[in-house]
Amino acid sequence: MKIMPNRMDRTFERYQKEFEEKALQVLRSGWYVLGNEVRSFEQEFAQYVGAAHCVGLASGLDALWIAFRVLGIGAGDEVIVQGNTYIASVMGITINGATPVFVEPDEYNNIDASKIEEKITDKTRAILVVHLYGQASNMAPIAALTRKYNLRLVEDCAQSHGACFQRKMTGTFGDVGCFSFYPSKNLGAFGDAGAIVTDDPKIAQDVRVFRNYGSEKRYYNKVVGANSRLDELQAGLLRVRLAHLDELTKERIRLCGTYTEELKNPAIELPRVREGATSVWHQYVIRSPKRDRLIEYLNEREIGTIIHYPIPPHLSEAYAYLGMGRGTLPITERYANEVLSIPLYNGMTEEEQQYVIESINQFI
Ligand SMILES: *Cc1c(COP(=O)(O)O)cnc(C)c1O
């Protein structure tokens with residue numbers, strides 16, 4: 001049996017009729033950028049996460065860098081972020097000229113809140129919290145630190161649509177929550193898309209203006225902005241998917257519950273969820289010192305896997321200029337060598353999952 005690490009076609013097929021009807025409706029409407037679909041999606045998504053405002057953007061990376069831009073964080077400023085994140089989190093900081101300051105992750109793969117305070121300097125302006133692999137970070141101590149030091153709090157929710165910490169949704173703890181709707185995300189579009197959510201009407205308005213060439217009124221430009229508009233087609237398709245997000249998340253939780261119950265191999269460490277937090281299981285990420293052999297073994301059985309992520313940002317060529325060599329973030333680097341995302345997708349059959357479980361349990 002051939003098993004792919006992810007199957008976006010299964011979700012499409014499940015709601016095919018609704019997606020196709022919406023696509024046709026938008027195509028036939030004669031209106032393709034910044035219209036009713038975008039407005040409705042923004043309202044529905046803001047309501048879903050429990051924020052006052054949502055502004056649709058062209059990608060998750062845009063959500064991050066535009067958030068820091070409107071917060072006025074750039075050259076000379078430091079932003080604290082976990083070392084083991086997807087590189088886009090870091091680019092969201094550095095595109096504006098700010099400097100990332102890396103903190104090691106905890107056992108739940110999110111920023112270790114107990115190691116943040118020692119990294120705060122008089123240049124620190126913000127903490128960027130990434131809810132990695134779908135699990136909400138430990139927000140209570142982080143929110144306390146941002147209050148104590150008067151820092152901005154930005155959340156990278158690209159993997160955590162619907163995940164909560166103490167019943168409050170990720171994206172609503174700080175100044176801005178940044179979302180990606182890249183096709184493989186839990187709330188995925190059929191192309192690139194993103195958004196910010198915020199309770200602050202000024203931030204929402206600034207992002208709204210910035211995404212459209214800095215223009216509030218056509219041909220009157222207040223600032224040098226960007227073209228980062230969410231288009232009508234993606235917004236319409238996202239509305240269809242958002243209406244099903246909770247059932248899709250429940251299915252992922254069920255599948256991951258089965259993994260956690262039935263995977264039994266002393267060479268493999270299973271992911272755990274922090275008390276008070278929930279995970280929407282963007283990935284099911286195991287850790288093993290024998291990771292590379294495990295990948296080969298699973299490949300032989302036609303089971304595909306992905307490493308999220310093999311090269312931590314501080315060791316990537318793009319960030320060589322930070323001058324952080326190997327050994328500067330030992331936990332982050334160990335995770336990069338040990339993590340493995342095993343197959344997980346909506347529509348995964350019991351037969352497929354049992355084949356993955358049996359194969360992993362037989363690995364020696
Ligand atoms: C996907 C992702 C992003 C970037 O989103 P895009 O829409 O691809 O630009 C940022 N941060 C994290 C953690 C991600 O997983």
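This is a predicted model, so every value here is computed, not measured. Heavy-atom basis, side chains included; hydrogens, waters and symmetry copies ignored. Starting from 1, each residue takes its place in the sequence as its number. Whatever order the structure lists ligands and atoms in, that order sets their numbers, starting from 1.
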For S59, the atoms of ligand 1 under 4.0 Å from one of its heavy atoms are 7 (O), 9 (O)
> Going by an N to O cut-off under 4.0 Å, is there a salt bridge joining D9 and R7?
Replying inline: yes
Quick note on ligand 1: atoms under 4.0 Å from a heavy atom of A88 include exactly 3 (C), 4 (C), 10 (C)
Does an N or O from D192, backbone or side chain, lie closer than 3.5 Å to an N or O of ligand 1? no
Assess the pair W281 and Y259: is the distance between their ring centroids shorter than 6.0 Å?
no
message: Heavy-atom count check: over 12 atoms from other residues, nucleotides or ligands less than 6.0 Å from Y321 OH?
response: yes
Report task. Tell me whether the centres of the aromatic rings in Y86 and H308 are closer together than 6.0 Å. Result -> no
* Indicate whether any N or O donor in one side chain lies under 3.5 Å from an N or O acceptor in the other, for E352 and Y345. => yes
of all protein heavy atoms, closest to atom 11 (N) of ligand 1 is D156 OD2, 2.8 Å
The reported gap from CD in Q25 to CD in E232 (rounded to nearest 0.5 angstrom) is 10.0 Å
Looking only at protein heavy atoms, what sits closest to atom 1 (C) of ligand 1 is K185 NZ, 1.7 Å
Quick note on ligand 1: atoms under 4.0 Å from a heavy atom of G60 include exactly 5 (O), 6 (P), 7 (O), 9 (O)
Counting from 1 in the order shown, the ligand 1 atoms closer than 4.0 Å to a non-hydrogen atom of L61 are 4 (C), 5 (O), 6 (P), 9 (O)
Check your understanding: Has ligand 1 got any nitrogen or oxygen that is less than 3.5 angstrom from a nitrogen or oxygen of Q159?
Key -> yes
